[in-house]
Amino acid sequence: MHTLTRSMILAVASAAVLAFAGPAGAQSPIVIKFSHVVAPNTPKGMAADKFKELAEKYTGGKVKVEVYPNSQLYKDKEELEALQLGAVQMLAPSISKFGPIGVREFEVFDLPYILPNLDALRKVTNGPIGEKLFKLLEPKGIIGLAYWDNGFKEMSANKKLIAPEDYKGLKFRIQSSKVLDAQFRALGAIPQVMAFSEVYQALQTGVVDGQENTPSNMYTQKMHEVQKYTTLTNHGYIGYAVIVNKAFWEGLPADIRTELNKAMKEATELNNSQSAKENQDALNAMKASGKTELITLTKDQDAAMRKAMAPVYNEVGNRVGKALIEEFVKTSGGGPN
Ligand code: LMR
């Protein structure tokens with residue numbers, strides 16, 4: 001387990017600054033440390049590796065991208081601190097994890113059923129909302145470069161989750177989003193924020209009873225092996241904001257930045273065209289494993305879930321911003337009903 005204190009992060013950060021500012025020979029490449037928390041064979045893992053390949057190719061080796069998957073360097077909360085301090089240069093955190101650094105507006109994506117499909121998502125991320133949200137990162141010393149998909153979330157537990165009442169009293173692991181907290185409370189469940197790297201063990205030992213995630217994340221972390229039932233609710237979405245340390249990015253030579261932007265654009269297109277298939281493959285593999293039973297809800301059961309979670313929209317209005325929620329719903333065509 002990587003429990004890093006703030007002083008340890010700072011120590012790495014100052015070493016990184018020294019390395020960057022130190023006397024650079026003509027040959028020494030600019031190093032981009034890209035840290036993430038998921039497995040390499042996931043949408044984010046593959047996109048990060050693709051970015052590395054293209055960035056190194058397009059810059060003719062002037063840039064070296066070091067990808068650190070699986071929370072090898074930092075866990076969820078620490079990686080954001082590390083980026084702000086300059087210990088790493090690039091991350092792709094889940095959009096649901098920006099609340100703790102004071103950018104609550106991203107949590108709008110976590111509202112239940114706000115995104116009916118990926119086309120709706122693109123309208124949001126490729127339009128004014130996507131741009132506006134990235135602007136909110138700049139005062140935090142962060143620049144947003146792209147939105148990468150993972151996919152839609154399913155619910156899992158060792159108990160069949162069909163009606164809202166089935167969630168009552170169960171403990172669910174959540175990402176650090178107050179909207180997700182409100183979502184599980186609306187179901188009468190007990191949400192618990194936990195780093196991604198700790199979820200499998202927490203499920204296995206019964207520290208929590210259930211969780212919500214995409215098939216890709218569930219399968220690559222083996223969560224399906226310790227959850228008897230997976231309900232295909234598709235009630236929410238997990239996607240990423242690819243972000244860089246602002247000072248680092250703005251300090252790069254302009255021609256290098258151009259090549260990196262090109263690499264990012266291509267890695268993004270690839271990721272966003274393949275993420276749905278990657279999640280479907282993971283779901284098929286979960287089914288084939290026989291370790292978790294997949295449950296599909298009827299139309300009425302789905303409607304009952306939507307109704308139970310609908311109050312969340314009002315509850316988080318002040319936190320996330322009522323106008324933003326309205327604009328998002330209008331753009332995506334989603335919402336609980
Ligand atoms: C989670 O914490 O469940 C996800 O955000 C992990 C990820 O990066 O996909």
Side-chain angles (χ1 to χ4, degrees), residues 94-99 104-118 120-121 124 129 150-194 199 203 208-215 217-218 223 227 229-239 279 294-337:
S94 158
I95 286 167
S96 318
K97 292 179 184 169
F98 286 96
R104 303 161 171 186
E105 289 84 347
F106 275 97
E107 293 177 1
V108 68
F109 283 89
D110 295 327
L111 280 162
Y113 305 101
I114 200 157
L115 285 166
N117 51 50
L118 287 179
L121 170 81
V124 173
I129 298 179
N150 186 325
F152 290 94
K153 291 183 287 191
E154 324 295 4
M155 296 282 200
S156 76
N158 282 322
K159 175 185 169 188
K160 281 193 183 184
L161 300 172
I162 294 167
E165 297 74 56
D166 299 330
Y167 291 76
K168 252 192 199 115
L170 296 188
K171 284 197 207 110
F172 279 83
R173 176 269 170 172
I174 56 164
Q175 306 177 80
S176 56
S177 157
K178 290 281 191 261
V179 174
L180 298 178
D181 184 283
Q183 170 193 275
F184 279 106
R185 287 190 195 282
L187 294 170
I190 305 150
Q192 195 170 320
V193 174
M194 189 180 288
V199 182
L203 293 169
V208 290
D209 302 299
Q211 63 86 45
E212 52 165 16
N213 226 309
T214 64
N217 275 349
M218 288 186 67
M223 292 180 203
Q227 296 277 268
Y229 302 101
T230 301
T231 307
L232 307 181
T233 44
N234 296 317
H235 60 287
Y237 167 81
I238 289 185
N279 272 300
L294 303 186
I295 299 169
T296 305
L297 298 182
T298 64
K299 220 166 161 251
D300 287 350
Q301 289 163 347
D302 177 67
M305 287 295 290
R306 287 171 185 268
K307 192 167 167 221
M309 293 195 243
V312 175
Y313 280 67
N314 272 334
E315 277 167 33
V316 302
N318 286 338
R319 177 178 172 86
V320 174
K322 287 184 183 130
L324 175 63
I325 296 176
E326 236 168 71
E327 187 187 357
F328 198 117
V329 166
K330 218 168 131 198
T331 308
S332 72
N337 304 308

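Numbers here are sequence positions counted from 1. Heavy-atom basis, side chains included; hydrogens, waters and symmetry copies ignored. Predicted model only: the values in this text are computed from it and were never measured.
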Q) So Phe172 and Leu187, side-chain contact (heavy atoms from CB on, under 4.5 Å) or not? Walk me through it. A) CA-CA 11 Å; Phe172 279 83; Leu187 294 170; over 6 Å; no

Indicate the atoms forming the closest heavy-atom contact of [X] with [Y], along with that distance.
X	Y	result
Glu154	Pro215	OE2-CG, 3.9 Å
Gly334	Val329	O-CG1, 3.3 Å
Glu315	Ala182	OE1-CB, 3.9 Å
Thr214	Gly151	CG2-O, 3.4 Å
Gln175	Ser96	NE2-OG, 3.4 Å
Lys160	Ile295	CG-CD1, 3.9 Å

For a 4.5 angstrom cut-off between non-hydrogen side-chain atoms, does [X] reach [Y]?
X	Y	answer
Leu170	Phe184	no
Tyr113	Asp302	yes
His235	Met305	no
Gln183	Ile174	no
Asn279	Phe152	no

Can you tell me how far the [atom1] atom of [X] sits from the [atom2] atom of [Y], to the nearest 0.5 Å?
X	Y	atom1	atom2	value
Asn234	Leu115	CG	CG	11.5 Å
Gln227	Tyr229	CD	OH	11.5 Å
Leu232	Leu294	CG	CG	5.5 Å
Thr331	Ile129	OG1	CD1	4.0 Å
Asn217	Ile238	CG	CD1	5.5 Å
Met218	Lys153	CE	NZ	12.5 Å

Taking [Y]'s backbone N and O only, do any of them form a donor-acceptor pair with [X]'s side chain (distance below 3.5 Å, no angle check)?
X	Y	result
Lys159	Asp166	yes
Asp181	Pro191	no
Gln192	Arg173	no
Ser177	Val179	yes
Gln211	Met155	no
Tyr313	Pro112	yes
Ser332	Ile114	yes
Thr231	Leu161	yes

Please lay out, stage by stage, how Leu203 and Val208 fare under the test side-chain contact (heavy atoms from CB on, under 4.5 Å).
CA-CA 5 Å; Leu203 293 169; Val208 290; 3.8 Å; yes

Practice task
Flag yes if more than 12 heavy atoms outside Lys330 fall under 6.0 Å of its NZ atom; otherwise flag no.
Solution key: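 Result for NZ/Lys330: open.
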
Before giving the answer on side-chain contact (heavy atoms from CB on, under 4.5 Å), spell out for Ser156 and Met223 the whole-Å C-alpha distance, their side-chain angles and the decisive distance to 0.1 Å.
CA-CA 9 Å; Ser156 76; Met223 292 180 203; 5.8 Å; no

